Amino acid sequence: MENLLIMGIDTRPMVSSALKLDYKTISISYFKDLDFPEPFAERHIFNPEQDNSYSSFEEAYSPQDLLDLLNEFDIDLIDKIVLTTGISADDFRNEFSKLKKRIRGNLNSSDVNDKFKFYEKTRNKFNVPLTFKVSDVDELKEIIKQYDNNSFILKPLNGSGGLGFLKLNNDNWNQLNNTEMMIENISLENYILQEYIEGENVSSSVLSTKDEARNLINTRLITANDLGNDDYAYVGNIVPLDENSFNALNSKNKTTTTKSKKYSKDEIAELNREMKEVSEDLIKEFKLIGSNGVDFKIDTQKEDLKIIEVNLRLQGTYQLCENSLGINMLDAHIKACEGELIEIPKPKQYSIKKIVYAPKDVIIRDLKINNLYDIPHNGEIIQKDNPIATIICSNKDLKTAINDLKTSNHKLNKALNI
């Protein structure tokens with residue numbers, strides 16, 4: 001039996017899948033929530049019994065923290081490594097570099113993870129938003145002034161999840177509180193200025209070998225902005241992408257200046273076809289392997305599809321794909337990395353996910369709620385704007401799945417008085 005190591009900020013879904021396969025599973029993660037399944041061996045950084053608050057997680061976390069825990073194992077006995085959010089093959093340096101060949105995934109990610117490099121390599125072949133690398137506030141202001149009819153998003157050069165975004169244009173520059181001061185207090189070399197595309201968020205999951213890429217499933221991607229808020233944090237997904245899942249949210253966005261369009265069955269079929277074709281071509285262009293995701297924005301004004309970024313990892317749709325397609329995503333990913341693409345079945349049901357964020361500081365109490373995942377420990381303190389838990393519901397009827405999610409969300413809010 002081979003030893004499989006899974007590493008990342010949160011490994012719960014992948015460990016659950018691994019326990020159904022013929023591996024001795026080892027997990028190294030930042031979090032170990034209440035519903036974490038017990039693998040053969042595990043180590044984690046955050047211990048709620050010793051430190052009941054992780055308010056400074058984003059500032060304190062480093063992939064090196066996970067790598068340091070590797071020293072507690074005999075690394076020569078590890079046969080395969082799968083990486084999730086928070087760590088990449090590029091982090092395996094010095095004494096850990098010899099482990100790179102055991103990673104089942106992409107070994108060189110700099111041209112994709114660096115969003116400006118990605119733009120430079122795709123702008124002549126694919127439809128991508130106008131993107132700039134700026135050195136100071138004056139240059140940033142000049143670009144915004146030059147493209148007077150455009151809005152822009154100032155976003156981190158690396159990273160994902162829609163965090164740390166700031167929307168800018170000539171009209172709102174002086175209306176935003178201390179905008180210039182805010183920008184001067186960040187390191188602009190770690191940011192890009194990207195054209196803001198007003199429209200709907202969708203994404204594509206792709207499985208690929210060195211020779212072939214195959215669209216796994218398309219999804220309606222949900223951001224906080226889709227739900228009527230002013231930020232762009234990733235909140236969840238609905239799979240599969242069809243006229244029902246796509247139109248389920250198009251009336252929620254209260255911040256858009258363009259009226260949401262209701263798409264027909266034929267229009268969604270054409271959208272799925274285009275997403276499949278573009279995502280497969282893009283994955284092949286960068287010679288990516290395993291499970292990767294492509295995020296798109298449907299440009300409402302131009303009515304075309306723009307590529308926003310590629311996620312070189314098992315995506316947030318992981319558990320939804322398993323629920324909808326009835327496959328083991330970890331097994332599919334490893335096989336693809338080793339040269340074998342599974343047969344992809346048709347979706348059997350809808351699956352919807354919502355990450356619930358804390359609107360204020362909350363202390364966790366006993367959370368015995370259906371459809372709840374990534375459950376914090378009792379007594380744990382979740383700081384404002386940090387994720388509390390994940391709700392995932394599945395059903396052949398989308399309305400039932402959505403109602404189940406709303407019920408679980410209501411029970412969670414009631415239990416925590418939020």
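Here the structure is a predicted model, which is why all the values come from computation and not from measurement.
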Has the side chain of S351 got a donor or acceptor atom that lies under 3.5 Å from a matching backbone atom of S324? no
Would you please say whether a donor-acceptor pair under 3.5 Å links the side chains of Y318 and T84? no
Keeping the roles fixed (side chain from N292, backbone from V206), state whether a donor-acceptor pair exists under 3.5 Å. no
Would you check if the side chain of R123 reaches a backbone N or O of K121 as a donor-acceptor pair within less than 3.5 Å? no
Just wondering, are more than 12 heavy atoms of other shown residues or ligands nearer than 6.0 Å to NZ in K411? no
May I ask you to check whether T317 and T219 show a side-chain donor-acceptor distance below 3.5 Å? no
Can a donor-acceptor pair be found, under 3.5 Å and without considering hydrogens, that links the side chain of T11 to the backbone of M7? no
Counting N and O atoms only, with roles assigned by atom type, does the side chain of H44 sit under 3.5 Å from a partner on the main chain of D33, one being a donor and the other an acceptor? no
Would you call the rings of Y30 and F46 parallel, tilted or perpendicular if under 30° counts as parallel and over 60° as perpendicular? parallel
Verify the distance criterion only: is there a donor paired with an acceptor across the side chains of Y350 and D242 at less than 3.5 Å? yes
Please confirm whether K100 makes a cation-pi placement over F92, using NZ or CZ under 6.0 Å from the six-membered ring centre and within 45° of the ring normal. no
For I382 and A358, which heavy atoms make the closest approach, and how far apart are they? CG2-CB, 4.0 Å
For F36 together with F31, are the ring centres under 6.0 Å from each other? no
Just so I know, are the side chains of Q194 and E309 near enough to count as touching, which here means a heavy-atom distance under 4.5 Å? no
Has the side chain of D65 got a donor or acceptor atom that lies under 3.5 Å from a matching backbone atom of Y61? no
I'd like to check L305 versus N127 (side-chain heavy atoms, cut-off strictly below 4.5 Å). Are they in contact? no
I'd like to know if the side chain of Q315 reaches the main chain of R313, judged simply by a donor and an acceptor atom lying under 3.5 Å from each other, with no hydrogens or angles considered. yes
Taking everything shown except E189 itself, do over 12 heavy atoms lie less than 6.0 Å from its CD? yes
For atom NZ of K210, decide whether the heavy atoms of other residues, nucleotides or ligands shown that lie under 6.0 angstrom number more than 12. no
In short, Y357 meets P387 closest at the heavy-atom pair CD2-N, 3.6 Å
Is R273 salt-bridged to E270, going by a charged N under 4.0 Å from an acidic O? yes
Are D299 and K297 close enough for a salt bridge, meaning some N to O gap below 4.0 Å? no
Would you say CZ of F73 has more than 12 non-hydrogen atoms from neighbouring residues, nucleotides or ligands within 6.0 angstrom? yes
Please check if the side chain of N272 supplies one atom and the backbone of L241 the other of a donor-acceptor pair under 3.5 Å. yes
Shortest non-hydrogen separation from F152 to I144 and the atoms involved: CD1-CG1, 4.2 Å
Judged by modelled atom types alone, do D404 and T407 share a side-chain donor-acceptor pair under 3.5 Å? no
Check whether any side-chain N or O of R220 sits under 3.5 Å from a backbone N or O of F246 as a donor-acceptor pair, and report yes or no. yes
Test: side chain to side chain donor-acceptor pair (under 3.5 Å). Region: residues 280-290. Which pairs qualify, not counting sequence neighbours? K125-E285, K276-E280
Would you find a donor on one side and an acceptor on the other, under 3.5 Å apart, between the side chain of Y147 and the backbone of E195? no
Show every salt bridge (charged side-chain N to carboxylate O under 4.0 Å, His left out) that has at least one partner inside residues 383-397, sequence neighbours left out. none
Looking at every heavy atom in both V15 and P37, which two are closest together, and how far apart are they? CG1-CG, 3.6 Å
Verify the distance criterion only: is there a donor paired with an acceptor across the side chains of S17 and E322 at less than 3.5 Å? yes
In plain terms, say whether K98 and D76 are close enough for a salt bridge, that is, a side-chain N and a carboxylate O under 4.0 Å apart. yes
Would you tell me whether N215 and S204 have side-chain atoms, one donor and one acceptor, within less than 3.5 Å of each other? yes
Between K133 and E120, does any NZ, NE, NH1 or NH2 come within less than 4.0 Å of an OD or OE carboxylate oxygen? no
Can you list everything that forms a side-chain contact (heavy atoms from CB on, under 4.5 Å) with T209? Sequence neighbours excluded, please. D211, E212, L341
If you take all heavy atoms of F296 and I307, which pair is closest and at what distance? CE2-CG1, 3.6 Å
pair Y263-L271: side-chain heavy atoms closer than 4.5 Å: no
Will you find, in the side chains of K20 and N328, an N or O donor that is under 3.5 Å from an N or O acceptor? no
